[in-house]
> 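Next up is a structure, given as structure tokens.
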Amino acid sequence: MRILVDANVPGAEACFGPLGELVRMPGREIDASSLQDVDVLVIRSVTRLDAATIATAMAQGSRLRFVGTCTIGTDHVDQAALAHHGIGFASAPGCNAEAVVDYVLSSLLTLAERQGWRLPERRVGIVGAGNVGGRLWARLAAMGIATLACDPPRAQRKGGEGFVDLDTLIDECDVICLHTPLVRGGPHATRHLLNAQRIAELAPNTLLLNAGRGDCVDGSALRQRLSSSGDITAILDVWEGEPGIDPALRDLAAIATPHIAGHSLDGKLRGTHQIYTAVCRDFGLPVRLALSDLLPEPAVSRLTLEGGLDAEEALRLCLRAVYDVRRDHDSLLRESRRLGMMPGFDACRAHYPLRREFSTLAVELKGHAATHAAWLQAAGLTLV
């Protein structure tokens, strides 16, 4: 069995090496001609596998039998075309959801520090309550943060209980977090969900965070609002036209990062292991490797707080010991200006530094710091 794997998928040698011949290739270079003599393809979101690519590969005699994407999102893969050719498919739902929630908390705490407000003072609206949004909702609720959620498909299934419509959420929340998949048509389409009209109607001092899909926000309208009024704040991890994103919008965003919200090592290896398990299942092979076999010890595994900080300061200190979103913001600006937008954007992702999830940090609380236990644990840290 020959297995072609995106060059930036970690843990591939340990997972797929024992199953057959492993071949690595940059994800953006994978096309129909790459799929000759390939039985299994393992990709990420940078590889577009549309109907034409699949049809061309099969017409050229590809023996492709299975495609796995080590990502939550699947809009880069035409699943109907794969099924038409009898090719199996799997994604990795939830693999990096914890990392995205970590990113959101790091970003919100950074903006709170810069702008002089405190997180409990804000009401957070979550658009899309799936793997990521649902976890964010639960974490914020445990922290005592006022939260509303909008998710029409889930609201329909649950009779609307616990959900509000999008316009109500926009009216009542001063922080709006987008975590929706990209749906281009139908009753629950999300492309330009935040269109020019909704962006124009955002109340002053609104903070908009998009860590879902870039096309869910009208980037031109957002750039116009930011440049003309300057009365709202944007945190953007995903963009229209990636990797050739709008440099003006990049410069206007308070935090601008290159689609790395979910790029924890834990999340990446979790995704790899999920696809490894799916390949084994599809080919009738035993699963011999556990996720724990892939995860190394964290660089910072324990931190002790003695007191002297309030709860939000203590949380900010702990989170930055694990992950600081400012590093990724600075990296995108530096590399996109040094190399050009597209190569700079991709370079940030291809050479992304080691990052762990908040749960890998064990925090010991002594003295007055013990009063922060519930807040820190709710945020995702491990207490000892």
Side-chain angles (χ1 to χ4, degrees), residues 45 69 71-77 91-108 122-143 145-195 197-199 201-202 206-219 221-222 234-240 242 255 257 259-264 267 271 380:
S45 58
T69 181
T71 58
I72 293 176
T74 60
D75 51 275
H76 55 295
V77 178
S91 61
C95 66
N96 63 356
E98 290 293 331
V100 179
V101 177
D102 290 351
Y103 172 93
V104 172
L105 286 181
S106 179
S107 298
L108 294 183
R122 296 298 175 104
R123 173 174 281 185
V124 179
I126 300 170
V127 185
N131 281 309
V132 174
R135 284 174 169 84
L136 177 61
W137 192 359
R139 222 188 278 190
L140 291 175
M143 295 171 68
I145 309 299
T147 309
L148 295 179
C150 170
D151 192 318
R154 283 181 172 78
Q156 284 185 354
R157 293 196 294 270
K158 297 181 179 181
E161 184 177 355
F163 295 94
V164 299
D165 63 72
L166 180 57
D167 292 321
T168 297
L169 182 146
I170 290 173
D171 286 343
E172 297 188 7
C173 295
D174 40 23
V175 176
I176 300 170
C177 298
L178 298 183
H179 301 289
T180 63
L182 178 60
V183 181
R184 295 187 180 277
H188 302 304
T190 62
R191 184 180 183 277
H192 284 189
L193 186 65
L194 260 66
N195 55 23
Q197 179 179 344
R198 285 188 169 125
I199 290 170
E201 292 174 351
L202 292 175
T206 296
L207 192 162
L208 173 63
L209 186 153
N210 189 8
R213 286 291 180 265
D215 285 354
C216 294
V217 174
D218 184 333
L222 179 58
I235 299 172
L236 301 176
D237 181 60
V238 291
W239 313 74
E240 289 185 295
E242 293 180 16
I255 295 177
T257 53
H259 201 154
I260 47 71
H263 270 36
S264 69

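Just so it is clear, the values below take in all heavy atoms, side chains as well, and ignore hydrogens, waters and symmetry mates. One is the number of the first residue; the rest follow in order along the sequence.
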> At their closest point, which heavy atom of R154 faces which heavy atom of D151, and how far apart are they?
NH1-OD2, 2.9 Å
> Does K158 reach the side chain of F163, with side-chain heavy atoms less than 4.5 Å apart?
yes
> With side chains defined as the heavy atoms from C-beta onward, is the minimum distance between I176 and L207 less than 4.5 Å?
no
> To the closest 0.5 Å, what do you measure between CG (L166) and CG (L148)?
11.5 Å
> Would you say the side chain of I235 lies within less than 4.5 Å of the side chain of N210, judging by non-hydrogen atoms?
no
> Using every non-hydrogen atom in the two residues, find where P181 and T190 come nearest and quote the distance to one decimal.
O-OG1, 2.6 Å
> Measure the CD-CG distance between E98 and N96 for me, rounded to the nearest 0.5 Å.
10.0 Å
> For D171 and T168, does a side-chain donor sit closer than 3.5 Å to a side-chain acceptor?
no
> Quick one: are V175 and L209 in side-chain contact, heavy atoms under 4.5 Å?
no
> Between H179 and V132, which heavy-atom pair has the shortest distance, and what is it?
ND1-CG1, 3.5 Å
> Please report the C-alpha distance between I170 and E201 in whole Å, then the side-chain angles of each, then the deciding distance to 0.1 Å, and finally whether the side-chain contact (heavy atoms from CB on, under 4.5 Å) criterion is met.
CA-CA 9 Å; I170 290 173; E201 292 174 351; 5.8 Å; no
> Specify the closest pair of heavy atoms between T180 and C216, including all atoms of both residues, with the distance to one decimal.
OG1-SG, 3.2 Å
> I need the D102 CG to R135 CZ distance, nearest 0.5 Å.
11.0 Å
> Are the side chains of C95 and P93 in contact, using a 4.5 Å heavy-atom criterion?
no
> Looking at SG of C173 and CG of L202, how far apart are the two atoms once the value is rounded to the nearest 0.5 Å?
11.5 Å
> Could you go through the salt bridge (charged side-chain N to carboxylate O under 4.0 Å, His left out) check for R184 and D75 one step at a time?
CA-CA 10 Å; R184 295 187 180 277; D75 51 275; 5.7 Å; no
> Given R198 and D218, is the salt bridge (charged side-chain N to carboxylate O under 4.0 Å, His left out) satisfied, shown in steps?
CA-CA 10 Å; R198 285 188 169 125; D218 184 333; over 6 Å; no
> Please evaluate residues I145 and R122 with respect to the criterion side-chain contact (heavy atoms from CB on, under 4.5 Å), reporting the C-alpha separation (whole Å), side-chain torsions for both, the decisive distance (0.1 Å), and the verdict.
CA-CA 7 Å; I145 309 299; R122 296 298 175 104; 5.8 Å; no
> Will you find, in the side chains of Y103 and S264, an N or O donor that is under 3.5 Å from an N or O acceptor?
no
> Can you find a pair of side-chain heavy atoms, one from I72 and one from V100, that are under 4.5 Å apart?
no
> As an exercise, state the distance from CG of L222 to CG of L236, rounded to the nearest 0.5 Å.
6.0 Å
> Please lay out, stage by stage, how D237 and T257 fare under the test side chain to side chain donor-acceptor pair (under 3.5 Å).
CA-CA 5 Å; D237 181 60; T257 53; 2.7 Å; yes
> Compare all side-chain heavy atoms of L178 with those of V217 and state whether any distance is below 4.5 angstrom.
yes
> Under the side-chain contact (heavy atoms from CB on, under 4.5 Å) rule, what do R213 and E242 come out as? Steps first, then yes or no, please.
CA-CA 10 Å; R213 286 291 180 265; E242 293 180 16; over 6 Å; no
> With distance as the sole test, does E240 use its side chain to make a donor-acceptor pair with the main-chain N or O of G214 at under 3.5 Å?
no
> Side-chain contact, heavy-atom cut-off 4.5 Å: V183 with H188?
no
> Determine whether a donor-acceptor pair (N or O, by modelled atom type, separation under 3.5 Å) exists between the side chain of D174 and the backbone of R123.
yes
> Say you draw a straight line from CG of L108 to CD1 of I255; how long is it, rounded to the nearest 0.5 Å?
8.0 Å
> Taking all non-hydrogen atoms of both residues, which atom of C177 and which atom of V104 are closest, and how far apart?
SG-CG1, 4.2 Å
